Amino acid sequence: MPTTPAESAKPDFRSDVTVDLVRSSAGDSDVLWAARVSTLGEQSLEELSKDPERSKGLINYLMRDRHGSPFEHNSMTFFISAPIFVFREFMRHRVGWSYNEESGRYRELQPVFYVPDASRKLVQEGRPGKYVFVEGSGEQHELASRTMEQSYVRAYEAYQEMLAAGIAREVARSVLPVGLYSSMYATCNARSLMHFLGLRTQHELARVPSFPQREIEMVGEKMEAQWAKLMPLTYAAFNDNGRVAP
């Protein structure tokens, strides 16, 4: 039975993102194994771990001189919940990534929407390519929150009205804004993740400056924290060499 407006869920307004590492096969040993096969043939993990300092040095050498393929022999799958506009930026990263996102054609989308909290800088100053974001006033934050929430409520009511009238989900979803939360599984390897982090996070150790939108940076920061635990030597080498993907 179609859902009627009276039965629709109450809108939920969020300012955070969800990033969960749901599956991984990734470790520094994967990098060592892939790199050393070119000169030493097949080796056991026990042999690879005999000399920790040599292993650290090899990973740093690979990162520094940008020998990238050894960093591809691993896999991480993340579950991510974030506003749709974050995913549209995310999917510009195509090499070494696989995505599966929830479908508005096959399920009724839930009324969960993004509203920035008080920590979000609202005002852009400067020209494209040379700008900064600064704190907004209390009035600007109140305006952003109020107008976004009102717009979301109206849009979701229109969506529910069309569903109740029997209009297909794939048509009715057209009225929903990019501030709606979606969810996806994203699978990558360490090399593709490093490239993503180099562009989508700001960091004091970065050799090349980046200017990410804050909301995708929030996703990147959570992914980075989980990857760092899986591959600490690779993560240290990434930072030590200016956060440039090999």
Side-chain angles (χ1 to χ4, degrees), residues 11-19 63 66 68 78 80-97 99 101 112-155 174-184 186 188 190-228 235 237-246:
D12 182 17
F13 304 116
R14 294 178 55 185
S15 60
D16 62 334
V17 297
T18 298
V19 179
M63 191 76 68
R66 306 197 72 189
F78 297 91
I80 301 168
S81 176
I84 288 173
F85 67 80
V86 170
F87 287 0
R88 296 304 161 261
E89 287 194 326
F90 214 121
M91 290 175 185
R92 293 179 63 82
H93 297 266
R94 299 180 295 279
V95 178
W97 287 90
Y99 303 108
E101 185 181 353
V112 183
F113 300 98
Y114 176 74
V115 176
D117 63 18
S119 68
R120 177 52 158 105
K121 295 179 179 179
L122 290 184
V123 180
Q124 180 179 323
E125 293 183 349
R127 56 183 173 78
K130 192 176 182 180
Y131 60 84
V132 295
F133 281 87
V134 298
E135 303 289 346
S137 66
E139 291 77 13
Q140 287 171 318
H141 277 278
E142 189 280 329
L143 175 63
S145 296
R146 174 168 47 82
T147 56
M148 291 172 79
E149 290 179 10
Q150 290 174 348
S151 176
Y152 292 150
V153 169
R154 288 196 298 269
S174 301
V175 299
L176 295 173
V178 294
L180 180 78
Y181 274 69
S182 187
S183 61
M184 70 173 177
C188 63
R191 189 183 191 185
S192 53
L193 180 57
M194 285 186 279
H195 183 262
F196 175 87
L197 295 175
L199 291 173
R200 301 300 182 180
T201 62
Q202 288 186 320
H203 199 282
E204 60 182 4
L205 297 177
R207 184 187 309 155
V208 180
S210 59
F211 305 93
Q213 183 165 339
R214 177 56 189 151
E215 289 75 15
I216 197 169
E217 185 179 37
M218 290 160 57
V219 173
E221 289 169 347
K222 288 178 178 287
M223 296 176 76
E224 180 172 344
Q226 297 181 69
W227 169 58
Y235 180 64
F238 176 57
N239 283 322
D240 290 345
N241 289 277
R243 294 175 66 86
V244 175

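Because the structure is predicted, anything quoted here is derived from the model rather than measured. Excluded from the calculations below are hydrogen atoms, water molecules and symmetry mates; all remaining heavy atoms, backbone and side chain alike, are included.
For F211, there are no ring pair (Phe, Tyr, Trp, His ring centres under 6.0 Å) partners two or more places apart in sequence or in a different chain. With sequence neighbours left out, E139 forms a side-chain contact (heavy atoms from CB on, under 4.5 Å) with S137. Partners of F238 under the ring pair (Phe, Tyr, Trp, His ring centres under 6.0 Å) rule, at least two apart in sequence or in another chain, are W227. In this view, E149 satisfies the salt bridge (charged side-chain N to carboxylate O under 4.0 Å, His left out) rule with no residue, not counting sequence neighbours. For F78, there are no ring pair (Phe, Tyr, Trp, His ring centres under 6.0 Å) partners, not counting sequence neighbours. With sequence neighbours excluded, the residues satisfying salt bridge (charged side-chain N to carboxylate O under 4.0 Å, His left out) with E221 are R214. Residues that satisfy the ring pair (Phe, Tyr, Trp, His ring centres under 6.0 Å) test with F13, not counting sequence neighbours, are absent from this structure. For the side-chain contact (heavy atoms from CB on, under 4.5 Å) test, residues two or more places apart in sequence or in another chain that qualify with Q150 are R146, R154. Applying the side chain to side chain donor-acceptor pair (under 3.5 Å) test to Q202 and every residue at least two apart in sequence or in another chain returns nothing. With sequence neighbours excluded, the residues that form a side-chain contact (heavy atoms from CB on, under 4.5 Å) with V132 are E125, V134. Residues passing the side-chain contact (heavy atoms from CB on, under 4.5 Å) test with P177, sequence neighbours excluded: F113, Y152, A155.
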Which atom pairs, one a donor and one an acceptor, fall under 3.5 Å between side chains of residues 239-246 and the rest of the protein, sequence neighbours left out?
{"from": "N239", "atom 1": "OD1", "to": "R243", "atom 2": "NH1", "distance (Å)": "2.7"}
{"from": "N241", "atom 1": "ND2", "to": "N60", "atom 2": "OD1", "distance (Å)": "2.9"}
{"from": "N241", "atom 1": "ND2", "to": "A237", "atom 2": "O", "distance (Å)": "2.8"}
{"from": "R243", "atom 1": "NH1", "to": "E224", "atom 2": "OE2", "distance (Å)": "2.9"}
{"from": "R243", "atom 1": "NH2", "to": "T201", "atom 2": "OG1", "distance (Å)": "3.1"}
{"from": "R243", "atom 1": "NH2", "to": "E224", "atom 2": "OE1", "distance (Å)": "2.9"}
{"from": "R243", "atom 1": "NH2", "to": "E224", "atom 2": "OE2", "distance (Å)": "3.4"}

